[in-house]
There are 2 protein chains.
Amino acid sequence: MSRRMKLDVSIILQKATEIADEQGLDQLSIGLLAEKLEVRPPSLYNHLDGLNELKQKLAIQGVKKLHEYMLQAAVGRSGDDAIRAISQAYLQLVREHPGLYDASSRFPDANDQELQQAQESVVQLVLQVLDVYHLQEETAIHIVRGLRSILHGFSSIEQMGGFGLPLDINKSFSILINTFIEGIHAATKNQNLEMNN
Amino acid sequence: MSRRMKLDVSIILQKATEIADEQGLDQLSIGLLAEKLEVRPPSLYNHLDGLNELKQKLAIQGVKKLHEYMLQAAVGRSGDDAIRAISQAYLQLVREHPGLYDASSRFPDANDQELQQAQESVVQLVLQVLDVYHLQEETAIHIVRGLRSILHGFSSIEQMGGFGLPLDINKSFSILINTFIEGIHAATKNQNLEMNN
DNA sequence: TGCGAAAACTAATATAATTAGTTAAAATTG
DNA sequence: CAATTTTAACTAATTATATTAGTTTTCGCA
C-alpha cells in the first residue's frame, strides 16, 4: 500500500451519509464505518468524539442540505408556485437522502447552536416565501408550522413504507400541498380558521 | 420478600411502555426493564424473544391504542366535527404516550400481520368518517394520506420540541386541521386540486 | 406429597463503543 | 538534511448490552 489513507471529518461524514442512506441510520455504527473506510474503529476517534457527535454532525449536514435544496427551488419563483417548488424540493431531498434526513430529525442534542441555526434558516426561508401573501406575523408562523408538519409527516410516512396501497403517491402529495395552499388563500381573506374548536 | 414476582407479557409491556414514555424509546433496554421489574435480564426471555420482539409488540400496542382513542372520539360525531375530534384524539395519544407512539412508527418488522391489521383499522376508521362527504374512492384515499401526514408530522415535530417559538401550539394545530377540512370541502365541490403541478 | 412445567437464576458468550497507551508517519524547524 | 514535534494511525483493554446455555427453584396439580 502506497501511503496512509487520508482521513478527515468530511470524508468520514460522506461515508457515514452513504451508509445511512443505503442501509438506514440505525445501521450506522463506528465499526461498519471504520470498515468501509478501511481503518480500525479507534482511528475515527482522532477526528470526532464518537457516534453521538457523528450523528449530530449528520443532523446538521442534513438540515443544511435541506435548506440548500429548498433555496434552489425557491429562486425565481413566488407565491403558490414557490410553495409547490420548495415542497417538492423537500420531498426530493428525503427521497435522495433518507438516512441523512432521518438523522436531521433524530439528533442527540437539540440544544446545539449550529443545528438550531440551520433549522432557523429553513424557517426563515419559508417565511420569506410567505411574505408575498402579507399575512399577519402570527398567522405566518402558524402556516410555517403547518407546512412543516405536512412535509415532515408525508415524507416520513413514505420513507417507512407507510402508504401501503398502490395509488399514486406523488398525486397524494400534490393534492395535499394544493389543499394547503387553498388554506393559505383562505387565511389571506381572513376567514376564521379557528372556529369550531 | 413474600413470593416470587409474578411476571407476564402484559406486565412487561406495561413497564416497557412506562419507560419509553418517560425516558424515550431509545432508553428502553432489556437491562433497565429487568431492573424496574426487579428480575435479572435473562428472565425476560422466558416471556419474549428479545428487544426486537418487545419493540414490535409495543408498536402494535401503540397502533391499537391510537385506534381506540380515535374510535372513542368519533362516536356520536360526523363530518368536520368528527375529523376535528379524531385529530384531537391522535394528538392527545401522542402527548400522553410519546414513547409508545414513537414505537408505533419505528418498528423492527413492517411485514408483521398483526401490526398491519392494526394500521389498517385506523385507515378504515378514517375512511368511515370521510364517508359522509361522498368522495370518490381514490380521492378519499388521498385525503386519508394527507390527514395522516398532517397528524404524524405535527405530533412528531411537537414531540421533538421542534416548534421553538412560544406561539400557541394548539392554535397552530387547529388552524392546520381546519385548513385541511376546507380542502376536503373543495374536493367535494370537485375543485381540481391537482392543477399547476 | 411429589412430579412436571414454568419461570426464575448464574455463568458464559458475543457484539459494540469507547479509552488508554503506543507507534509510526508526516510536517516543521534549526 | 537531520532532529523534533505533531498528527493520526495502531493494539490491547474496558465497559455496556443483548443474548444463550445450562441449572435450579417454585408452583400447580394429580
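Note on naming: letters A, B, ... go to the chains in the order of the sequence lines (proteins, then strands), and numbering restarts at 1 for each one. Because only heavy atoms are used, hydrogens play no part in the values below, and waters and symmetry mates are left out as well, while side chains stay in.
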Atom pair distance, as rounded to whole Å: [atom1] in [X] and [atom2] in [N]:
{"X": "B:Leu33", "N": "D:dT19", "atom1": "CG", "atom2": "C1'", "value": "15 Å"}
{"X": "B:His47", "N": "C:dA8", "atom1": "NE2", "atom2": "P", "value": "4 Å"}
{"X": "B:Ile30", "N": "C:dA8", "atom1": "CD1", "atom2": "P", "value": "13 Å"}
{"X": "B:Arg40", "N": "C:dA8", "atom1": "CZ", "atom2": "P", "value": "13 Å"}
{"X": "A:Tyr45", "N": "D:dT7", "atom1": "OH", "atom2": "C1'", "value": "19 Å"}
{"X": "B:Leu32", "N": "D:dT17", "atom1": "CG", "atom2": "P", "value": "9 Å"}
{"X": "B:Leu7", "N": "D:dT25", "atom1": "CG", "atom2": "C1'", "value": "16 Å"}
{"X": "A:Ile12", "N": "D:dA9", "atom1": "CD1", "atom2": "C1'", "value": "12 Å"}

inquiry  = Can you tell me which nucleotide in C:dC9, C:dT19, D:dT17 comes closest to the side chain of A:Pro42?
reply    =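 Of the options given, the side chain of A:Pro42 lies nearest C:dT19.
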remark   = Among the nucleotides D:dT19, C:dA17, D:dC10, whichever has the atom closest to the side chain of A:Val39 is D:dC10
task = Return no unless some side-chain N or O of B:Ser43 is found under 4.0 Å from OP1 or OP2 of C:dC9.
result = yes
query = Charged N to carboxylate O below 4.0 Å: is that the case for B:Lys64 and B:Glu114?
reply = yes
ask   = What is the ring orientation for A:His152 with B:His152, classed by angle as parallel under 30°, tilted 30 to 60°, or perpendicular over 60°?
value = parallel
query = Between B:Tyr101 and B:Tyr90, how do the two ring planes meet: parallel, tilted or perpendicular, split at 30° and 60°?
reply = perpendicular
request  = Please step through salt bridge (charged side-chain N to carboxylate O under 4.0 Å, His left out) for the pair A:Lys36 and A:Glu18, ending with a clear verdict.
outcome  = CA-CA 10 Å; A:Lys36 298 265 184 196; A:Glu18 275 176 35; over 6 Å; no
request  = Check whether the side chain of A:Asn46 and the base of D:dA9 form a donor-acceptor pair under 3.5 Å.
outcome  =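 For A:Asn46, whose side chain was compared with the base of D:dA9, there is a donor-acceptor pair (under 3.5 Å).
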